[in-house]
Structure formats: structure tokens, C-alpha cells
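Reviewing the structure listed below.
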Amino acid sequence: MLLCIGDIDLDRMIAVERLPAFDGKVSGRPLGDWPGGMAANVAMAAQRLGAPTRLLGLVGDDPAGGQVLAGLAGAGVDVSRCRSLAGCATFTSLVFLTDTGEKALVRVETPAFMPDPADITPDVMDGASYVHISYGSPALARAAVDRAAEAGVPVAMDLELADIPAHADALVRLLPRLDLLFVNRSMRAALDELWCPGENGPALVTTLGRDGARYEDGAQSLHAPGIAVTPKDTTGAGDCFAGAFLSARMAGAPVQGALAFANAAAALSTRAFGAQAALPTRPEVDALRARIAAAPPAAPSDNT
């Protein structure tokens with residue numbers, strides 16, 4: 001079972017012709033509201049791909065909170081450890097989306113942004129074979145790693161530039177305690193200045209968008225090529241990748257196979273508006289990989 005600890009939100013999506021520049025202004029039109037949140041997206045992705053998941057998170061006691069939890073529960077995610085915070089609105093993200101599927105986000109945080117470290121009681125870990133966290137709340141991340149270590153459960157963490165504090169000493173101390181770290185291209189570039197990955201640190205998985213993904217540990221570096229798609233919405237594609245990679249590894253897939261599986265899942269997740277709306281099933285991912293394998297090789301370039 002995959003235990004996901006972290007945020008649950010409602011993504012309010014706005015279509016724009018281009019992303020606003022600093023001190024700039026653009027016009028937009030509302031596209032609608034969809035369930036999201038990194039922890040919720042990872043849990044939903046893994047569940048859709050056949051890995052049992054449990055989610056520990058917070059929502060407000062508003063209609064949005066009930067809506068997102070109902071959707072997760074309906075897909076089979078165990079939300080029994082999620083709490084509704086009285087008198088509070090559910091955390092929201094404003095997602096500005098261009099017609100190419102690229103985006104920018106603003107987190108509109110409320111007291112229901114992240115669960116409390118005290119919510120990670122020992123029984124939350126029961127049956128878990130992997131834990132996934134983010135660094136949105138440093139105290140929560142430390143508590144999750146502590147509880148997982150006591151239970152002997154490996155931990156994967158998503159790290160984004162937006163979550164790095166001005167004083168990152170606590171983060172630097174936490175990184176070697178992880179088993180797996182998911183980053184995007186920009187975070188991977190910044191990581192070398194923050195901390196020197198080495199043989200004693202976590203394995204690194206870097207998502208590279210259309211260029212695929214890369215895995216690094218003390219012994220090897222592996223790459224899986226990207227999959228050409230015309231995205232409608234890339235919101236949550238990285239979360240889908242993480243859920244797919246973890247579900248594949250939990251099912252016994254080798255690293256190279258898990259990279260390719262997660263690439264295919266993430267590509268399929270961009271087919272519709274909303275981070276969770278187009279999360280694929282395992283048969284859909286297998287079908288896409290089969291089509292790719294059966295496709296004739298690209299013709300060589302005439303350039304010499």
C-alpha cells in the first residue's frame with residue numbers, strides 16, 4: 001500500500017493567451033474547478049494504476065472539501081485518515097493555462113493546506129510499503145520521515161523550488177534520510193547548489209517534460225525518452241509520474257521499466273483539463289507502450 005501525506009486542493013483553472021510577466025496583466029476566462037493537490041494527485045494516480053493507496057490530508061468543511069474527498073473515495077483511495085477542518089475553506093490553487101497546455105500556479109493556502117504532524121499516528125503506517133511526501137510543510141515532512149523510519153518503510157519526496165525555505169539547513173539534513181527524491185529539471189539544476197547528491201543520499205528521479213525522465217543513484221544513471229503528445233493540460237503530470245513510478249516499483253518493475261511506464265502514464269494524464277480528470281488506468285498505459293513499441297523507427301535525417 002502507498003501512503004501519501006500532504007495537500008488536497010481544488011484547482012481553479014483560468015485560460016490565458018500567455019502567462020503574465022512581472023508587473024504585467026493578461027485577460028483570461030474561467031475553465032472550471034477540478035480536484036487537485038500533490039498528495040491527492042499521486043494517490044489517485046497510483047490507485048488508478050492498481051496500487052492500493054491511503055491518503056492523509058486536510059480539507060475545509062466547505063462543499064469543495066466534500067467534493068474532492070468524495071472523488072478520491074469513489075476511485076478507491078482510502079481517505080479514512082483525512083480530516084475536515086471546521087470553519088475553514090479548502091486549500092485552492094489558481095492555475096493559469098495557455099493553449100499549449102503550459103501553466104503557472106498560485107497556491108491560495110488556508111489552514112487546511114497541510115495536515116498536522118500529530119496526525120501521523122503509528123497506525124497510519126499500518127500496511128504501508130512506501131510513503132510519499134512533499135516539503136510543503138517542513139515539520140510534517142520531518143515527522144513523516146521519523147514515523148516511516150520507526151516502521152521500516154521507505155520514503156519518497158517531491159521537492160519543488162517553491163518549497164525551498166530561505167534557510168534550508170533542515171532540508172539539507174532531511175535529504176540523506178530519504179530513499180527517493182522526485183524533482184523537475186529546474187529543481188535538479190538547483191539541487192547541486194543546495195546539496196551534493198552522493199552515494200549515501202536518495203536516488204534521484206528527474207522529470208524532463210518532452211525529453212522524458214532520468215534516474216540517478218550512486219551506481220547508475222538511466223534515461224527514458226519522452227513521448228510526443230499534444231497536451232491539453234499539464235497540471236499534475238509530474239504527480240501522475242510519481243504515482244506511476246512508485247506503483248510500478250512496488251509491483252516489482254525494474255527502474256528502467258518503471259521510468260518508461262511512468263512516462264507513458266504522465267503523457268496520458270495531459271489529455272483533459274484537470275490534474276485528475278485524465279489519469280490513466282494500467283491497460284491504457286500498457287496499450288500506449290505497445291503502440292510505441294510497434295511503431296516503425298523514425299527515418300534517418302538527410303542532414304550530413
Side-chain angles (χ1 to χ4, degrees), residues 1-4 6 36-53 55 75 77 101 129-134 154-160 178-188 202-217 220-229 231-272 274-293 295:
M1 181 267 293
L2 174 63
L3 171 62
C4 298
M38 181 181 291
N41 294 341
V42 173
M44 180 71 95
Q47 184 73 39
R48 291 270 293 168
L49 293 167
T53 60
L55 178 61
V77 177
S129 52
Y130 229 112
V131 175
H132 177 275
I133 62 173
S134 70
V155 179
M157 186 170 83
D158 259 285
L159 184 61
E160 300 179 321
L178 303 172
D179 297 276
L180 185 63
L181 183 65
F182 291 105
V183 295
N184 61 19
R185 194 194 304 263
S186 57
M187 184 64 243
R188 180 64 185 89
L204 299 177
V205 176
T206 306
T207 54
L208 303 169
R210 67 186 62 187
D211 295 323
R214 182 174 63 247
Y215 172 93
E216 306 165 75
D217 62 21
Q220 60 184 337
S221 178
L222 303 172
H223 176 262
I227 296 173
V229 296
K232 194 167 187 178
D233 176 18
T234 60
T235 306
D239 303 335
C240 177
F241 181 98
F245 185 88
L246 290 171
S247 69
R249 292 291 283 156
M250 290 165 59
V255 171
Q256 189 72 58
L259 281 176
F261 182 83
N263 268 348
L268 289 169
S269 76
T270 67
R271 297 170 293 176
Q276 298 174 18
L279 290 174
T281 62
R282 183 172 291 272
E284 288 177 312
V285 176
D286 291 342
L288 175 58
R289 296 184 66 194
R291 289 197 300 273
I292 293 170

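Keep in mind it's a predicted model, so treat the numbers as computed, not measured.
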Is the closest side-chain heavy-atom distance between T207 and R188 below 4.5 Å?
no

Could you grab the distance from atom CZ of R289 to atom CG of L268, nearest 0.5 Å is fine?
11.5 Å

Got F182 and L246 here, is their nearest side-chain heavy-atom distance under 4.5 Å?
yes

Can you see which heavy atom on A237 is nearest to which on S269, and at what distance?
CA-OG, 3.6 Å

Backbone N or O of M1 within a donor-acceptor pair of the S129 side chain at under 3.5 Å?
yes

Distance (rounded to the nearest 0.5 Å) between C4 SG and Q47 CD:
10.0 Å

Side chain proximity check, N184 to E160, heavy atoms < 4.5 angstrom:
no

Hey, does L2 have a side-chain heavy atom less than 4.5 Å from the side chain of V42?
yes

All heavy atoms of N263 vs all of P225, minimum pair found to be ND2-O, 3.0 Å

With the side chain counted from C-beta on, respond yes when F261 and R282 share a heavy-atom pair under 4.5 Å apart, and no when they do not.
yes

For the atom pair CG (D239) and CG (D158), what is the distance rounded to the nearest 0.5 Å?
6.0 Å

Is any side-chain heavy atom of R249 less than 4.5 Å from a side-chain heavy atom of L180?
no

Straight-line distance of R214 CZ to H223 NE2, nearest 0.5 Å:
7.5 Å

In this structure, CG of L181 is separated from CE of M157 (nearest 0.5 Å) by 5.5 Å

CG of L259 to CG of L222, rounded to nearest 0.5 Å, is 6.5 Å

If I compare all heavy atoms of D217 with all of A203, which pair ends up nearest, and what's the gap?
CB-CB, 4.1 Å

